[in-house]
Engineer: 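Take a look at this one; I'll ask things after.
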Amino acid sequence: MVTLSDLKISEVKLGEEQTGKWGMVIDQDICTGCQACVAACAMENNITFVGEEDSGYGRSMHWIRIERFWEGEYPEVKMTANQPMLCQQCGHATCEPVCPAFATVHSQAEQLNLQVYNRCVGTRYCANNCPYQVRSFNWRDYQRPEPLPNQFNPDVTVRRMGVMEKCTFCIQRIHKAQDKAKSEGREVADGEFTTACAQACPANAITFGRVDDPESMVSQLAKRSHGVKHLEELGTLPNVTYFKGG
Amino acid sequence: MIKSIFDWLKQPLGLIAVGITVLTLFSIAAYGIYTTQQAPEQPIQFPHQTHVAFGIQCLYCHPGASKGPAAGLPSQAKCWACHNQIAKTETSALLAPLKEAVQSGTPIQWVPVAQVPDFVQFNHRAHIAAGKNCEDCHGDMSKVTIAQNPQVFNMGWCLNCHVESAGEDHEKLVKLSDCGTCHY
């Protein structure tokens, strides 16, 4: 019988060999910066509202955010394309090796970066080591006034104070689709489900799917020549491809 | 000051006082642990063993187990479908809350017994599909009145079974021992 100890870390392929499983393509040219993805993500994943004061301290919690940049000198200031930034689900993530509690680990099954809330002790080392700055920390137990608790997603843990959290690529939807497909004795079809942000995007700027399947929509889109992976030079092997100026 | 307290505690009366305090604290702790291991108070003292003895399948009252994440607790309408044809329902004091619930239309507030923490995402369907039987986790219901947990639902217990059922299948083991399978 294979035991847990047989699953050696050394078996994890590092460097350029590793291929992801789930990936995303974001077209910045059609993103309007409407923040629908940000709202949908917060609803889907039980993300709290930190309020004005904590937001002022830079403690706002988002798993996806729209970054804005400007070009040129005043008065010829030009805004560049909106840039939705979320966890890139790196194949070789910088957040993982620094966690002293092994709370952020790489999922061998789904090839995602996991955040195990019940293991997290809140050192915030992972967030400080993330080059994309996409992790957010629960500085308090934020109060949700009635009737807001009624809209909690029961498939997602409600995080407590002192716990780090980040985008999961809507792993609850992945599991739900896999469970449904398995009960019907088939494989999960491409486009059968998508993440909350991609579902909410009115411009269809976000596409989600299997990057290890060459026939999937994401793989087809990612082939376009002007695709960019952010901070790829750090060797993080991100699974999100951005298009700008195509 | 502290020395005089120690001196007082060293005399026979002081030793007895220390003994009584230690015993009291120990009893409170033991009672506290004991209460966590008891089945919770239910609105109706539901006799599982009677219903199992009649040959009613688990899935008749908890049909969600084979379809989705939650097995579900039956509403009074489901109970009433059988019980309104049973003469004993009218006379039994045990069944009075059920009659009351049906007449007033207020749902019975069953207290879930088998629960996992919020950070665990459990899906009944996958376990039933994998060939697990209800009694493998919930114990023999033909022997209990109100459901009791035969064991503590902790991660070691879950993982033991996951590793065992994976057997030699490495891909299955990866999936079943992945943190993200249950925690997200």
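Labels below follow one simple rule: chain letters A, B, ... track the order of the sequence lines, proteins then strands, and each chain is numbered from 1.
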Engineer: The criterion is side chain to side chain donor-acceptor pair (under 3.5 Å); which residues satisfy it with A:Lys180, sequence neighbours excluded?
Structural biologist: none
Engineer: Which region of A:Val105, side chain (C-beta onward) or backbone (N, CA, C, O), has a non-hydrogen atom less than 4.5 Å from a non-hydrogen atom of chain B, or is it both or neither?
Structural biologist: side chain
Engineer: Heavy-atom distances under 4.5 Å only: say whether A:Ser183 touches chain B with side chain, backbone, both or neither.
Structural biologist: both
Engineer: Under 4.5 Å heavy-atom distance to chain B, tell me which part of A:Glu165 shows up: side chain, backbone, both or neither.
Structural biologist: neither
Engineer: Quick check on the 6.0 Å ring-centre criterion: do A:His230 and A:Tyr242 meet it?
Structural biologist: yes
Engineer: Considering non-hydrogen atoms only, spot the tightest contact between A:Asp54 and A:Arg140 and give its length.
Structural biologist: OD2-NE, 2.7 Å
Engineer: Can you tell which of A:Asp212, A:Val211, A:Ile174, A:Ile171 makes a side chain to side chain contact (heavy atoms under 4.5 Å, CB included) with A:Trp22?
Structural biologist: A:Ile174
Engineer: Check the orientation of A:Phe193 and A:Phe208. Use parallel for under 30°, tilted for 30 to 60°, and perpendicular for over 60°.
Structural biologist: perpendicular
Engineer: Within residues 119-133 of chain B, which positions have a heavy-atom distance to chain A below 4.5 Å?
Structural biologist: B:Phe119, B:Gln121, B:Asn123, B:Arg125, B:Ala126
Engineer: Look at A:Glu110 together with B:Lys175 and state whether they make a salt bridge at an N to O cut-off of under 4.0 Å.
Structural biologist: yes
Engineer: Between A:Tyr132 and A:Lys166, is there a cation-pi geometry (under 6.0 Å to ring centre, at most 45° from the normal)?
Structural biologist: no
Engineer: Which atom pair, heavy atoms only, marks the closest approach of A:Ile47 to A:Arg144?
Structural biologist: C-NH2, 4.2 Å
Engineer: Checking heavy atoms, do the side chain of B:Asp178, its backbone, both or neither come under 4.5 Å from chain A?
Structural biologist: side chain
Engineer: Against chain B, label A:Arg119 side chain, backbone, both or neither, depending on which of its atoms sit under 4.5 Å from a heavy atom there.
Structural biologist: side chain
